[in-house]
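Have a look at this one.
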Amino acid sequence: MPRIAVFISQRLVKAVFVVLAIAVFNFFLVHAAPGDPAAVMAGEAGAADAKFVEQLRQQFGLDRPLYEQLGTYMGKVVQADLGYSYRQQRPVFDLLMDRLPVTLSLTLTSFVLALIGGVALGTLAAMRAGTWSDTAITVVGLTAYATPIFWIGLMLILLFSVNLGWLPAFGTESIGAGYTGWAAFVDRLEHLVLPVVTLGLFYMAVYTRLTRASILEVRDMDFVKTARAKGLPEWRIVSVHILRNAILPVITVAGFQAGHLIGGSILIETVFALPGIGRLAFEAVLQRDYQVLLGIFLLTSVVVVIFNLLTDLIYSLVDPRIEVAP
Amino acid sequence: MTAAVITPSRRKGSGFWRAFARNKGAVLGLVFLLLVVLMAIFADVLFPTSPWDMTAAPFEPPFSEDALLGSDTLGRDIAAGIAHGARVSLLIGLTSTAVAVLIGVCLGAVSGFYGGWVDDAVMRFTELFQTIPNFVLAVVLVAIFTPSLTSIVLAIAIVSWPPLARLARGEFMSLRSREFVQAAVTTGQSNLTIIWRQILPNSLSPIIVSASLMVATAILLESSLSFLGLGDPNLMSWGYMVGAARTVIRQAWWMSFFPGIAILLTVLALNLVGEGLNDALNPKLARKGRA
Amino acid sequence: QERGGTMNIIVQPEPPILVLGLNQQGPTQTVAGKIYQGLLTYDFNLKPQPELAESWEVSPDGKVYTFKLVKNAKWHDGKPFTAADVVFSTSKMLMETHPRARAVFAKAEKIEALDDYTVRFTLKEPFGPFLQSFEVSSAPMMPKHIYDGSDYKANPANATPIGTGPFKFKEWVKGSYIHLVRNDDYWKAGKPYLDDIYFRVIPDAASRAVAVEQGTVQQTQFNDIETFDVPRLKSLPNVEMTTKGYEFFAPLSWIEINTRNKPLDDKRFRQAMMHAIDRKFIRDKIWFGLGRPATGPVNSVTRFYEPGVKKYDFDPKKAEALLEEAGYKKGSDGTRAKVKLLVMPYGETWTRLGEYVKQAMKRVGVDVTLETTDSAGWVNRVSNWDYDMTFNFVYQYGDPALGVSRTYVSDNIRKGVMFSNTMGYTNPEVDRLFAQAAQTNKDEERQQLYSAAQKILVEDVPVAWLLEMEFPTFVDKRFKNAITTAIGVNESYDSVYMVKK
Amino acid sequence: MMTVSNSNAPLLDVRNLTIDLPRGADRPHAVEDLTFTLERGEILCVVGESGSGKSMTAHAVMGLLPKAVKVSSGVLRHDGTDVLSLPESDQRALRGGRIAMIFQEPMTALNPLMRVGDQIDEVLRYHTTLDRAARRARVVDLLASVGLPEPDQLRRSYPFRLSGGQRQRVMIAMALAVEPDVLIADEPTTALDVTTQKQILELIRDIQAKRHMGVMFITHDFGVVAEIAHRVAVMQKGKLVEIGPAAEVLNRPQHPYTRQLIAAVPHLIEHREAFGADRKPVLTAEKVCKTFHIGGGFFTPGRTVVAGNQLSLTIRQGETVGLVGESGSGKSTLGRSIVGLIKPDSGRIMFEGVDLLSLSRTAFRPYRRHVQMVFQDPYASLNPRHTVGDIITQGPIAFGEDRGRALEKAKDLLKLVGLDASAAERFPHEFSGGQRQRISIARALALEPKLLIADEPVSALDVSVQAQVLDLLEDLRHRLNLSMLFITHDLRIAAQICDTIAVMQKGSIVEIGPARDVFGNPQHAYTRQLLDAIPGKGWSIPEDVMATGRHGAALRTSA
Ligand SMILES: Nc1ncnc2c1ncn2[C@@H]1O[C@H](COP(=O)(O)OP(=O)(O)OP(=O)(O)O)[C@@H](O)[C@H]1O
Ligand SMILES: Nc1ncnc2c1ncn2[C@@H]1O[C@H](COP(=O)(O)OP(=O)(O)OP(=O)(O)O)[C@@H](O)[C@H]1O
Ligand SMILES: [Mg+2]
Ligand SMILES: [Mg+2]
Ligand code: NI
């Protein structure tokens with residue numbers, strides 16, 4: 001157990017440096033953009049004079065030199081304070097916490113479904129390599145992988161919401177319907193179906209391919225031959241011997257992609273009008289809401305770091321060898 | 001670089017083609033890809049007018065007289081857009097992949113070959129880029145540097161190189177300790193020669209495979225950016241067409257359907273070719289056959 | 001007219017804050033218009049109507065305005081609404097926070113409360129459009145007891161806006177919806193009728209259209225619905241479409257032309273543009289029939305419009321002739337000149353328009369390169385004069401002195417300020433005419449001055465006017481009385497009711 | 001569970017077995033018309049060069065042939081029942097129940113993610129009706145019976161914690177779990193050290209005797225055959241060329257192929273004179289130390305391995321020094337240190353009076369050409385993307401030689417190592433293992449080195465090919481007056497070609513001296529242990545076979 005603790009703390013120290021570096025990098029990136037939030041708000045107001053813009057700049061702290069702004073920002077970040085969005089008149093942390101549940105429920109459900117579905121389909125395909133079911137799975141997987149995700153989303157809306165009317169097309173809940181308890185839960189689930197399927201489909205295709213390739217590799221390894229020589233039934237060979245070994249590379253990739261799901265969720269949240277982090281990020285870029293954008297970057301990198309850590313932990317659970325060579 | 005891959009030996013070359021041709025999907029993909037390339041090259045012959053020209057009435061459905069695949073909201077020919085868009089999509093896909101490969105392989109090579117603190121530094125740098133969700137970064141980059149061909153290509157390259165760097169690093173690391181590389185060291189060859197002549201050609205197969213897949217991803221990325229309104233407004237690309245037409249998907253399915261299909265098929269073809277290359281170049285399979 | 005009912009209205013983009021005194025973006029106005037109120041509102045012909053002021057008087061010299069306030073109005077927290085609030089709002093708070101109000105009330109020498117329900121404005125000199133400046137978004141009444149003496153922008157009460165309007169703020173789930181509920185203590189007896197209003201944030205245009213079709217929302221306004229969806233939605237049985245209710249804004253769109261840059265500094269080049277671009281095509285194919293081709297700087301639905309100006313009909317030949325005359329000969333590749341067009345980042349339609357302009361200009365030999373940017377970049381570049389051409393559309397706010405002259409007068413050439421004279425157009429005669437027209441309150445005199453100014457401007461083409469824009473408002477047929485005044489959807493909705501089937 | 005057997009029939013009866021290879025393989029049949037039997041209580045050794053079909057035969061018996069490979073004709077009886085016609089479920093009961101198998105590579109034959117106890121337990125679960133507790137007891141018994149220490153704890157270990165020998169014992173325990181009557185062992189000791197090999201061989205022999213099993217033992221090492229076989233079957237290119245009692249086949253081989261195989265076995269007869277200590281030293285290593293640090297990060301110290309501890313060694317002009325010892329003892333580390341691939345922590349390596357370790361990278365370069373290396377794996381040591389000509393000339397060109405001249409010389413060298421000059425235009429994959437090793441040698445010689453480091457240059461090759469390459473090295477040494485450091489773990493080979501022997505154990509040289517002394521009169525306990533473990537010591541290659549077979553084939557190039 002202490003080994004694990006050491007391992008985690010070691011990774012955390014590394015992660016803190018990465019995250020801080022990201023904060024600095026993003027700070028300069030965001031400030032490299034032409035225009036600032038004051039200008040945007042002036043543009044949206046439909047009327048403006050010099051005083052108006054000046055006031056905004058002062059309020060946002062944009063009148064001070066860049067290094068000073070960076071200093072202030074980093075000082076706050078170190079204290080886990082993400083700053084204040086003057087545009088939205090709220091602390092960035094609160095803003096993010098408002099949006100996080102939607103994005104997490106979207107990405108996590110898609111992730112879990114994609115992983116389970118992908119591994120199952122990949123296994124099926126690999127164990128029947130060369131048969132029609134393998135071909136079918138591969139073709140469907142490849143197609144899902146090759147289709148622009150927003151396009152799938154649009155087509156699904158067209159089919160299931162507009163033409164068939166089975167599922168709601170956007171939003172997270174039926175607002176004003178006054179559902180409570182179970183009904184509210186079901187309502188939320190219904191709203192999640194299309195976005196989750198859209199996002200999940202792509203990743204499911206990724207995991208299917210990976211699992212299939214990985215199993216094909218493991219399938220021919222010596223210890224599988226040993227298991228066969230032991231006279232074990234086929235299902236046990238597949239589940240206990242092949243799959244457990246084949247799943248390792250899938251876990252690695254999955255862990256890496258978990259963070260990138262947030263990127264994919266920008267598109268999904270736009271298509272399905274979900275108030276999530278992805279859309280907040282996109283709006284923040286367009287509105288030059290520096291604090292929010294930086295907060296999102298920071299949050300997502302923390303999420304990615306946590307996911308990588310989790311991946312490693314899962315890995316070390318599945319693979320006893322990891323303990324010796326961290 | 002490619003010359004090193006396609007070895008001068010006829011026997012080896014034909015072996016590669018035979019292995020590639022065994023994968024029917026890959027051949028199909030290659031044929032389709034060649035068609036797309038031809039379409040891109042001869043777009044000006046097929047559709048001599050600019051794809052932006054309003055040659056038909058707006059909202060013409062497919063198979064109408066003056067627009068085979070229909071016309072868009074301003075009466076531009078979808079078919080012409082697809083033919084000319086092939087150019088842009090391929091251009092963006094290829095150049096951004098080339099840039100990504102360049103960055104990735106250089107960093108990965110240095111990191112894998114020298115190891116130690118160099119490796120550590122490069123890997124931390126790579127991690128930095130991998131920690132930021134790549135699509136978010138691409139969106140920010142394009143938004144900040146205003147959408148243009150260059151900024152899109154660079155943004156896609158910047159978010160795509162890290163996996164390549166890792167791949168190249170892994171290859172270089174394992175090849176570096178391979179005996180033929182050590183033999184090169186003991187016969188007094190310089191580091192540069194070893195990197196360039198000994199290791200690089202041998203690490204190219206997996207890099208080529210991933211690059212072929214990355215072209216596909218780049219085309220998808222470009223279309224996603226266009227979808228969000230971050231495409232180059234002067235270039236007719238497939239992604240732009242879907243992005244521009246998505247809002248009228250209800251009235252005019254064909255406007256986003258055909259370019260969507262074009263993306264789908266091209267990306268699919270690239271993936272098939274990539275898998276075919278993988279089967280044909282995968283050193284593991286090759287080794288098995290030899291033993 | 002019965003009580004009850006919930007109305008779902010689209011709000012897009014999501015407003016940053018609902019305190020109308022602090023932020024006057026379009027969506028803020030629509031939502032906060034139900035919470036806050038102004039002293040006046042305007043009918044479709046822009047004639048003042050009572051709101052928080054039940055009557056008003058203007059002195060014959062046009063310098064003293066006296067308003068009588070309603071007596072029973074209360075803030076949502078129970079405090080009475082009095083003349084002190086009006087004085088505070090117009091002389092203190094809005095002067096700090098509201099650029100449009102600042103410009104108007106700066107003309108007041110004195111603003112005083114004669115008693116609890118009487119306010120008197122004394123102007124330094126007559127100002128024609130003074131009475132046009134009291135609707136809810138131009139001069140929202142803010143509660144003195146909450147804001148006086150505080151840092152307005154950091155006031156904790158900003159999260160829970162307090163107004164006098166028929167609806168109270170209930171809840172705001174950011175990114176999703178804003179919930180308003182009926183103000184049971186509303187000063188108009190028996191009103192409002194509706195129980196709740198939800199403002200729903202739906203960022204994707206296609207999703208918004210679906211929302212209307214499925215009946216999930218009962219109202220959309222401004223450019224919530226992309227133009228190409230309008231014909232389809234118009235034919236839906238459950239909704240009604242109107243383009244009324246935008247008279248106060250009377251938006252006018254144009255190609256903004258940086259007259260400092262070659263070849264745009266040449267009047268003939270700009271006139272050629274007017275001839276090269278088919279504004280009927282734009283209206284029919286890009287705006288799907290919404291709007292009217294603009295004839296000049298003043299929208300025909302507002303006051304002081306002059307129809308007798310020079311006409312520019314669609315005529316590429318004439319355009320080429322003008323270019324030829326200005327010395328822009330065709331090069332070997334058929335190009336006469338190259339210019340850049342910065343596409344306005346406010347939706348698909350403008351992008352389509354950019355593509356159209358590019359093609360139209362190409363037909364007369366002008367090569368247009370499109371540039372895109374996001375809204376921050378756009379504001380930054382336009383306000384700093386870093387562009388050749390761009391699109392813009394501007395509200396007229398009921399009077400040329402408020403919404404028109406700012407674009408053309410030379411003392412409004414101010415770098416870094418948006419919606420100023422960013423073209424750099426100067427014409428002393430125009431300056432004089434606009435200045436004089438603002439300083440009188442005789443309508444006939446103003447009409448003459450504005451007509452003269454319009455004629456000069458149309459000849460000079462400082463911007464290439466495109467359309468007098470119309471916005472479609474879709475309202476569910478069960479909801480009545482939604483659009484009753486010139487400020488349309490920004491109205492308080494205290495008389496909107498729902499017909500139950 | 002004891003199986004009742006039909007005692008008349010042989011345990012395994014293979015008749016006219018033919019196994020087809022998929023189209024495009026190097027020959028149509030993996031095994032052709034194979035007939036043999038395996039009786040109770042007998043060890044049948046199957047020998048033959050690589051690719052002769054030994055494993056295929058074994059897999060066919062187990063019903064584990066790869067998908068693409070099919071039995072096309074023949075009968076395969078186990079205890080009287082026709083195995084090939086049994087339904088899959090019965091075949092499965094047979095596998096692991098009556099017929100068990102162990103494989104060559106203990107490192108990969110166990111599931112890395114499963115505790116070894118559970119892996120044994122699996123066999124019991126599917127072939128017996130024992131309950132959980134009984135199974136656990138049985139697992140412990142089994143582990144104890146194959147001589148593993150603390151079986152109750154070891155049961156819970158993962159394979160990576162065990163040494164190669166231990167893993168192979170676990171494999172054997174697993175194979176024995178339900179007391180099969182046939183054990184098939186496919187080269188079970190090839191990957192192990194001699195000392196471990198000896199233990200495993202003894203274990204198999206013991207268990208076989210105790211349980212009266214029939215064992216089919218596949219090997220290519222005649223030493224092993226001599227050690228344990230009752231009967232021997234010799235295979236060549238899928239055909240059985242000779243089968244008979246061990247004594248017969250080993251001492252009076254009939255088939256020419258058998259004779260050739262036996263002749264190629266290195267012989268443990270010292271025929272070298274003590275090397276003159278008066279010759280000039282070419283290279284002297286003094287107190288070379290090297291410690292590797294593995295793993296570790298900010299907080300964890302990681303593991304350290306002492307691969308070199310005060311190593312001192314002298315190589316004289318024309319001398320061949322053999323470096324022997326078990327795997328991981330640090331042999332390669334010393335070799336690599338000398339050619340500059342590894343930087344030792346301390347010590348000196350003197351070459352012609354210069355300390356190579358004190359030199360910078362650039363200063364070291366001129367010395368590279370004098371010290372060259374031949375690597376173990378002929379498949380990995382040649383760049384697959386370069387022509388043989390390129391590979392050989394790259395060194396000289398790097399040292400400034402003109403390309404044309406270098407190529408001329410390369411062609412001469414190819415002839416010298418027994419290849420055709422036209423080989424220069426071909427690619428490595430067009431050559432066999434033995435030929436590649438010749439190319440490797442040619443590459444090393446291209447720089448005209450004074451000292452050659454050969455790190456297990458023949459251990460990846462078949463016996464017969466091994467002999468040819470060793471003869472080549474021997475020949476070159478005489479002709480070019482080369483000094484050589486020859487690293488090997490095979491004492492027979494060391495004895496055959498080395499003048500001086502250094503024995504390494506755990507990073508230290510425990511004994512060094514003239515070959516004759518070290519083999520004839522070993523001083524250190526470890527040396528004695530090593531010598532004792534050489535399989536088939538009791539057997540010496542028949543004189544007549546040695547004379548006809550081996551020296552006649554010495555320089556044949558068709559490897
Ligand atoms: N999976 C396979 N598919 C096709 N051919 C195979 C396969 N495995 C082995 N072969 C071929 O079958 C023949 C016999 O191989 P086998 O493995 O039985 O040789 P072996 O005698 O065991 O050799 P070694 O000593 O190298 O283990 C060889 O020609 C080999 O190339
Ligand atoms: N580059 C390295 N990094 C870390 N440890 C190493 C390295 N090279 C060798 N070792 C370790 O040093 C020890 C000695 O290795 P070496 O390769 O010298 O042994 P060897 O005697 O050649 O063994 P073998 O017979 O298996 O080739 C081993 O425990 C090995 O794991
Ligand atoms: Mg074998
Ligand atoms: Mg070694
Ligand atoms: Ni001899």
Side-chain angles (χ1 to χ4, degrees), chain A residues 14-15 17-19 21-22 25-26 29-35 135 138-139 142-143 145-155 157-158 162 202 209 213 217 220 256 259-267 270-271 277-278 281-282 284-286 288 293 296-297 300-305 308, chain B residues 25 29 124-125 127-146 159 162-163 213 216-217 219-224 226-230 238-239 242-243 245-247 249-250 253 256-257 259-261 263-272 275 278 284 288:
Chain A
K14 253 192 214 168
F17 281 109
V18 170
V19 168
I22 286 177
F25 169 77
N26 289 331
L29 187 67
V30 167
H31 284 261
T135 315
T138 312
V139 167
L142 261 176
T143 313
Y145 185 77
T147 319
I149 192 166
F150 50 88
W151 198 65
I152 296 188
L154 289 174
M155 295 296 161
I157 290 185
L158 206 56
V162 177
F202 174 81
R209 287 177 78 170
E217 198 151 289
D220 294 334
F256 241 91
H260 292 188
L261 277 164
I262 291 181
S265 76
I266 292 189
L267 293 166
T270 306
V271 173
I277 293 281
F282 187 54
V285 186
L286 297 187
R288 296 288 184 279
L293 193 57
I296 291 170
F297 271 131
T300 49
S301 37
V302 168
V303 170
V304 173
V305 164
N308 288 352
Chain B
R124 286 299 89 72
F125 184 68
E127 240 165 61
L128 197 94
F129 276 87
Q130 289 203 300
T131 309
I132 307 175
N134 55 10
F135 188 63
V136 181
L137 183 60
V139 165
V140 172
L141 285 172
V142 175
I144 284 176
F145 297 109
T146 70
V159 301
L213 297 178
T217 322
I219 290 178
L220 282 179
L221 259 175
E222 191 269 341
S223 70
S224 298
S226 279
F227 175 79
L228 290 178
L230 296 173
W238 295 335
V242 182
R246 79 184 146 119
T247 32
I249 194 159
R250 307 285 314 280
W253 55 271
S256 43
F257 182 77
I261 289 290
I263 299 178
L264 166 61
L265 290 180
T266 309
V267 173
L268 195 65
L270 278 163
N271 275 294
L272 289 173
E275 273 182 8
N278 194 25
K284 223 173 239 154
K288 231 178 235 165

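Labels below follow one simple rule: chain letters A, B, ... track the order of the sequence lines, proteins then strands, and each chain is numbered from 1. What you see is a predicted model; the values in this text were computed from it and never measured.
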| field | Max heavy-atom pair count under 4.5 Å with chain B, selected residue of A:Leu267, A:Val302, A:Ile296 | value | A:Leu267

| request: Tell me, for B:Phe129 versus chain A, whether the close heavy atoms (under 4.5 Å) come from the side chain, the backbone, both or neither. | output: side chain

| field | Structural part of B:Leu265 lying under 4.5 Å from a heavy atom of chain A | value | neither

| request: For A:Ser265, check side chain to side chain contact (heavy atoms under 4.5 Å, CB included) against everything at least two apart and list the hits. | output: A:Thr103, A:Leu106, A:Thr107, A:Ile262, A:Glu269

| B:Asn271 CG to B:Thr266 OG1 distance, which is reported to the nearest 0.5 Å | 11.0 Å

| task | Name the region of B:Gln130, side chain, backbone, both or neither, that has any atom closer than 4.5 Å to a heavy atom of chain A. | result | both

| message | Between B:Val242 and chain A, with a heavy-atom cut-off of 4.5 Å, which part of the residue counts as in contact: side chain, backbone, both or neither? | response | side chain

| message | Does any part of the side chain of B:Val159, heavy atoms only, come nearer than 4.5 Å to the side chain of B:Phe135, both counted from C-beta? | response | no

| Heavy-atom contact with chain B under 4.5 Å, split by part of A:Leu29 | both

| query | Between B:Ala216 and B:Val267, what is the shortest heavy-atom contact and its length? | reply | CB-CG1, 3.7 Å

| message | Quick check: closest heavy atoms across B:Leu220 and A:Thr147, and the distance to 0.1 Å? | response | CD2-C, 4.1 Å

| query | Which pair of non-hydrogen atoms, one from A:Ala21 and one from B:Leu128, has the smallest distance, and what is that distance? | reply | CB-CD1, 3.3 Å

| Lys NZ or Arg CZ of A:Arg209 over A:Tyr145 ring: under 6.0 Å, within 45° | yes

| said: Heavy-atom pairs under 4.5 Å with chain A: which of B:Ala269, B:Gly25, B:Ser224 has the most? | reply: B:Ser224

| request: Among A:Ile22, A:Thr300, A:Val18, single out the residue with the greatest number of heavy-atom pairs under 4.5 Å to chain B. | output: A:Ile22

| field | Among B:Ile263, B:Val139, B:Leu228, B:Val140, residue most engaged with chain A (heavy-atom pairs, under 4.5 Å) | value | B:Leu228

